[in-house]
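The block underneath contains the structure these notes are about, expressed in structure tokens.
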Amino acid sequence: MPLRHRLLAASVAVMWGLNFLAIDASLGHFPPMFLVVLRFAVIAVPTLFLVPRPRVPVRWLIGYGVGFGILQFAFLYWGMAVGMPAGLASLVLQASGPFTVVLGATFLRERVGPRQVAGILVAVVGLTVVGWQQAQTAALLPFLLTLAGALGWALGNISNRQARPENPLHLTLWMSVVPPLPMLALALAVEGPTRIVGSLTSFDEPGAVGALVGLAYTVVVGTVLGSGVWTWLMARHPAGVVAPYSMLVPVVGMTAAWVVLGEAVSLLELGGGALVVAGVLWGGARRRARVVEPTGSDGAVPDGPASVPVVAR
């Protein structure tokens, strides 16, 4: 993966790391399942009328929406609502990186080279150090819910990798059409109409403005911009090369949680974060490799197998 693409992947990690502060603020006002509805409905409504549906197989579009949209955020928001700290959530969710590598190797037969394996192992050691240090701050249920969200993210990664859209942003926007109705049904069943209506009619309460600002950040930066860049990268590189960059998210998330929310960070946690950074950078780099993307006469990436990036050495 070329340097500019690695920098893009790192920028997504910054966007998503700060996103945990935005989610924490929004959960202070909105119930978690309904917050997932709002997150995607705000994007889905204009998308249906203004954005052409991407020319990708419907099964991969739905798979992306179910994995990345429904499973990831339903479990993540639920976990944070019942006690998972923002910084620790940003760490545990990044188990999606190893999950994606395993799923990509198992179902897509993607080759995982020694350098990738070594980088991921170093990053996993860093995650383990940080997780061990913070494990006492969260009960088992919030941890397991957030881990389930990580698996949902990995399933979404595999689906958007298989979709190979001509316009990754269109896929990201149309993915947002999948979660609202199923999540609304779940929110009505679990949280009830009274709680949902109350969250929409009590904006004079303390924290309501911060919840709306957090929701806006999550929609515009976390979903549209961050997920759009991520999908663009996943369409051009093997899942096992891109996905480990998600391990940079807890470094940003935990630092931001320390600065803004006062969540403490120990020297061992800082050391673990350094290992995460080193492992991701080492595993994502490919020596003497460049990506050649086949294009049509108009410069667009064509459909089908030809759109798979070719690595020339």
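When reading the values below, keep in mind they use all heavy atoms of this one structure, side chains included, and skip hydrogens, waters and symmetry mates. Here the structure is a predicted model, which means the values were calculated and not measured.
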Using the rule given for side-chain contact (heavy atoms from CB on, under 4.5 Å), can you reason through Val12 versus Tyr245, listing the C-alpha separation, both sets of side-chain angles and the distance that settles it, and then say yes or no?
CA-CA 9 Å; Val12 174; Tyr245 278 83; over 6 Å; no

Quick one: [atom1] on [X] to [atom2] on [Y], what's the gap to the nearest 0.5 Å?
| X | Y | atom1 | atom2 | answer |
| --- | --- | --- | --- | --- |
| Phe34 | His29 | CZ | NE2 | 9.5 Å |
| Ile196 | Phe30 | CD1 | CZ | 11.5 Å |
| Glu166 | Arg55 | CD | CZ | 4.0 Å |
| Ile43 | Thr172 | CD1 | OG1 | 9.0 Å |
| Ile23 | Ser90 | CD1 | OG | 10.0 Å |
| Thr100 | Arg161 | OG1 | CZ | 12.5 Å |

Please find the pair of heavy atoms, one from [X] and one from [Y], that lie closest to each other, and give the distance.
| X | Y | result |
| --- | --- | --- |
| Ala208 | Ser202 | CB-O, 4.1 Å |
| Ala89 | Met80 | CB-CG, 4.0 Å |
| Ala22 | Gly214 | CB-O, 3.4 Å |
| His237 | Pro2 | CE1-CD, 3.8 Å |
| Leu171 | Ala163 | CD2-CB, 3.9 Å |
| Gly65 | Pro179 | O-CG, 3.9 Å |

Short side-chain to backbone donor-acceptor contact, [X] and [Y], under 3.5 Å:
| X | Y | value |
| --- | --- | --- |
| Thr146 | Gly79 | no |
| Thr106 | Leu103 | no |
| Glu263 | Gly87 | yes |
| Tyr217 | Met15 | yes |
| Thr223 | Thr218 | yes |

Does some side-chain heavy atom of [Y] sit less than 4.5 Å from a side-chain heavy atom of [X]?
| X | Y | result |
| --- | --- | --- |
| Leu27 | Pro32 | yes |
| Pro168 | Arg236 | yes |
| Leu71 | Leu151 | no |
| Leu61 | Arg53 | yes |
| Leu275 | Val124 | no |
| Met183 | Leu186 | yes |
| Asn157 | Trp230 | yes |
| Leu93 | Phe20 | yes |

Are [X] and [Y] grouped together when hydrophobic residues (ILVMFWY) are joined by side-chain heavy atoms under 4.5 angstrom apart?
| X | Y | result |
| --- | --- | --- |
| Leu155 | Trp60 | no |
| Phe203 | Val37 | yes |
| Val221 | Val213 | no |
| Leu173 | Leu181 | no |
| Val117 | Met1 | yes |

Report the residues that fulfil ring-ring contact (aromatic ring centres under 6.0 Å, His included) with Phe73, sequence neighbours left out, ordered by chain and then residue number.
Phe40, Phe68, Tyr77

Is it the case that atom [atom1] in [X] sees more than 12 heavy atoms from other parts of the structure closer than 6.0 Å?
| X | atom1 | result |
| --- | --- | --- |
| Leu141 | CG | yes |
| Trp78 | CH2 | no |
| Leu7 | CG | yes |

Let's go through Met84 and Leu145 carefully: what are the C-alpha distance in whole Å and the side-chain angles of both, what is the deciding distance for side-chain contact (heavy atoms from CB on, under 4.5 Å) to 0.1 Å, and is it a yes or a no?
CA-CA 9 Å; Met84 177 65 76; Leu145 290 173; over 6 Å; no

Take Trp153 and Leu76, measure what side-chain contact (heavy atoms from CB on, under 4.5 Å) needs, and give me the verdict at the end.
CA-CA 10 Å; Trp153 184 359; Leu76 172 64; over 6 Å; no

side-chain contact (heavy atoms from CB on, under 4.5 Å) for Leu91 and Leu88? Distances and angles first, verdict last.
CA-CA 5 Å; Leu91 167 70; Leu88 184 57; 3.9 Å; yes

